[in-house]
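Please read the structure below before turning to the comments.
Throughout, a chain's letter reflects where its sequence line sits, starting with A, and its residues are numbered from 1.
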There are 2 protein chains.
Amino acid sequence: MSVDVLPSPTVATACCAPLVRQPLSAEEAADLSRVLKAIADPARLRLLSLVAAHAGGEACVCDLTEPLGLSQPTVSHHLKVLVDAGLLSREKRGVWAYFGLVPGALDAVANVLSTTGAPAGAADGQPSFC
Amino acid sequence: MSVDVLPSPTVATACCAPLVRQPLSAEEAADLSRVLKAIADPARLRLLSLVAAHAGGEACVCDLTEPLGLSQPTVSHHLKVLVDAGLLSREKRGVWAYFGLVPGALDAVANVLSTTGAPAGAADGQPSFC
DNA sequence: CGACGACATTGACCTCAGTCGATGGCTGGG
DNA sequence: CCCAGCCATCGACTGAGGTCAATGTCGTCG
């Protein structure tokens with residue numbers, strides 16, 4: 001296989017970009033579009049909301065296949081996309097794999113899109129990104 | 001064909017949805033993904049930032065083809081996608097067509113993604129959406 | 001009124017992304 | 001020690017989307 005597990009939290013590079021203040025470069029636009037493409041899918045949007053609304057803030061694959069009406073490989077694929085984009089975290093406990101929201105990741109994307117600089121206490125306290 | 005030109009300002013239906021509070025329905029996710037798919041493209045992201053940063057907050061097609069390095073039909077196509085998504089407004093004055101940001105549209109999307117309810121003064125005063 | 005320029009539309013090509021069935025790896029239980 | 005269940009990966013199919021050349025439409029100017 002050619003590609004290996006490059007860490008690349010793509011959301012990090014797209015952070016703190018005003019978007020409406022000055023023209024984006026081709027690189028910045030490509031980075032930001034990568035994260036947005038990960039979110040711009042109905043199945044993945046529902047996955048994000050399902051995980052976030054689940055008890056404890058995390059859910060396993062078996063909890064997600066039914067509400068989405070998709071096959072298990074498809075759900076696993078979408079979860080991998082979200083994890084690679086830096087939006088979800090994956091933790092394997094025993095047989096089950098638990099997925100949870102990465103704190104501040106969605107807020108970082110929201111900050112980029114917002115015409116105002118930064119929401120009051122949204123991505124606040126996330127120095128790993130900004 | 002089945003689908004016709006429904007006006008559908010898709011951003012309106014996707015407004016005010018917490019996303020992390022309760023699971024999205026298939027309909028809500030489809031609506032929201034439509035708007036996000038419009039933004040999740042490097043060329044369109046650069047178009048948004050170019051228009052926003054342009055003098056007067058509006059720009060015509062001839063101002064946008066060069067910085068993007070894309071052909072005129074392609075730029076026109078991307079602009080149409082953004083207009084259909086409710087993110088850009090199009091006003092034809094004489095021979096030129098001027099495009100400008102729809103106020104509050106990007107902030108509405110940012111609100112949906114943000115884990116906190118609403119940024120302080122972002123989409124504030126946009127009763128057409130919320 | 002004829003030519004030019006700005007923009008939109010069409011048609012076609014090509015690449016990529018979403019989906020599923022089948023299979024493999026791994027862990028826990030009998 | 002073997003079996004059962006959860007999850008990831010693979011391969012293939014299909015549809016959607018980005019891009020451009022060519023063409024059409026409309027307003028402007030000489």
Side-chain angles (χ1 to χ4, degrees), chain A residues 1-5 10 26 29-30 32-48 50-51 54 58-85 88-100, chain B residues 1-5 10 26 29-30 32-48 50-51 54 58-85 88-100:
Chain A
M1 43 197 75
S2 54
V3 290
D4 49 344
V5 281
T10 45
L32 181 53
S33 71
R34 259 187 286 272
V35 186
L36 286 172
K37 276 179 188 294
I39 320 181
D41 184 273
R44 290 196 281 267
L45 282 173
R46 299 189 69 189
L47 279 176
L48 285 175
L50 280 170
V51 167
H54 205 262
E58 54 183 13
C60 59
V61 181
C62 55
D63 295 329
L64 302 170
T65 44
E66 298 183 39
L68 256 71
L70 294 176
S71 69
Q72 176 265 321
T74 303
V75 173
S76 199
H77 162 68
H78 285 308
L79 288 171
K80 177 179 173 53
V81 172
L82 289 172
V83 169
D84 289 346
L88 282 186
S89 61
R90 177 181 174 276
E91 182 193 357
K92 185 145 194 179
R93 287 203 301 267
V95 187
W96 292 274
Y98 289 90
F99 293 85
Chain B
M1 283 318 193
S2 53
V3 290
D4 48 345
V5 280
T10 45
L32 180 53
S33 71
R34 260 185 286 272
V35 187
L36 287 172
K37 276 179 188 293
I39 319 179
D41 183 272
R44 291 196 282 269
L45 282 172
R46 298 188 70 189
L47 279 176
L48 286 176
L50 279 172
V51 167
H54 204 263
E58 54 183 13
C60 59
V61 181
C62 55
D63 295 330
L64 303 170
T65 44
E66 297 183 38
L68 256 71
L70 295 176
S71 69
Q72 176 264 323
T74 303
V75 173
S76 199
H77 162 67
H78 284 310
L79 287 171
K80 178 179 172 55
V81 172
L82 290 172
V83 169
D84 289 346
L88 281 186
S89 62
R90 177 181 175 275
E91 182 194 358
K92 185 144 195 179
R93 287 202 300 267
V95 186
W96 293 275
Y98 288 91
F99 293 84

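Side-chain atoms of B/A43 lie closest to D/dT19 of the nucleotides D/dC7, D/dT19, D/dT9. Closest to the A/K80 side chain, of the nucleotides C/dC7, D/dG18, D/dT9, is D/dT9. Among the nucleotides D/dA8, D/dC6, C/dT9, the one closest to any side-chain atom of A/W96 is D/dC6. In this structure, the nucleotide among C/dA8, C/dG18, C/dT9 sitting nearest to the side chain of B/V61 is C/dA8.
Atom-to-atom distance recorded for A/I39:CD1 and B/L32:CG is 9.0 Å, nearest 0.5 angstrom. The CG atom of A/L64 lies 10.5 Å from the CG atom of A/L70; values are rounded to the nearest 0.5 Å. Taking CG of A/D41 as the start and CG of B/L36 as the end, the distance is 10.0 Å to the nearest 0.5 Å.
Whole-Å rounding puts the A/L36 CG to C/dA17 P distance at 14 Å. Atom P of nucleotide C/dG18 and atom CG of A/L70 are separated by 11 Å, given to the nearest angstrom. In this structure, A/K37 atom NZ and D/dG17 atom P are separated by 10 Å, rounded to whole Å. Per the geometry, CG belonging to B/L64 stands 15 Å off C1' belonging to C/dA8, to the nearest Å. In this structure, CZ of B/F99 is placed 15 Å from P of C/dA6, rounded to the nearest angstrom. Atom pair B/L88:CG and C/dA8:P shows a separation of 12 Å (rounding to whole Å applied). At whole-Å resolution of the value, CG in B/D41 and P in D/dA16 are 18 Å apart. For A/L82 and D/dC7, the CG to P distance is 16 Å, given to the nearest whole Å.
Regarding contacts with the backbone of C/dT19, every side-chain N or O of A/H77 stays at 4.0 angstrom or more from both OP1 and OP2. The shortest distance between the side-chain N/O atoms of A/R90 and the OP1/OP2 oxygens of D/dA8 is below 4.0 Å. For B/H78, a side-chain nitrogen or oxygen approaches OP1 or OP2 of D/dT19 to under 4.0 Å. Contact between the side-chain N/O atoms of B/T74 and the OP1/OP2 oxygens of D/dC20 is found at a separation under 4.0 Å. For the pair A/S71 and C/dT19, the criterion of a side-chain N or O lying under 4.0 Å from OP1 or OP2 is not met.
Remark: the backbone N or O of B/A30 is paired with a side-chain donor or acceptor of B/S33 at under 3.5 angstrom. B/T65 places no side-chain N or O within 3.5 Å of a backbone atom of B/S71 that could act as its donor or acceptor partner.
Within the nucleic acid shown, B/Y98 has no heavy atom closer than 4.0 Å to any nucleic acid atom.
Side-chain contact between A/V51 and A/L82 is absent, with no heavy-atom pair separated by less than 4.5 Å.
A search for side chain to side chain contact (heavy atoms under 4.5 Å, CB included) contacts involving B/A97 returns B/R90, B/F99, not counting sequence neighbours. Judged as a side chain to side chain contact (heavy atoms under 4.5 Å, CB included), and not counting sequence neighbours, the contacts of B/V81 are B/A38, B/R44, B/H77.
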Could you encode protein contacts along nucleotides 23-30 of chain D as a string, one character per nucleotide from 5' to 3', using B for base contact, S for sugar-phosphate-only contact and - for no contact, with a heavy-atom cut-off of under 4.0 Å?
-----S--
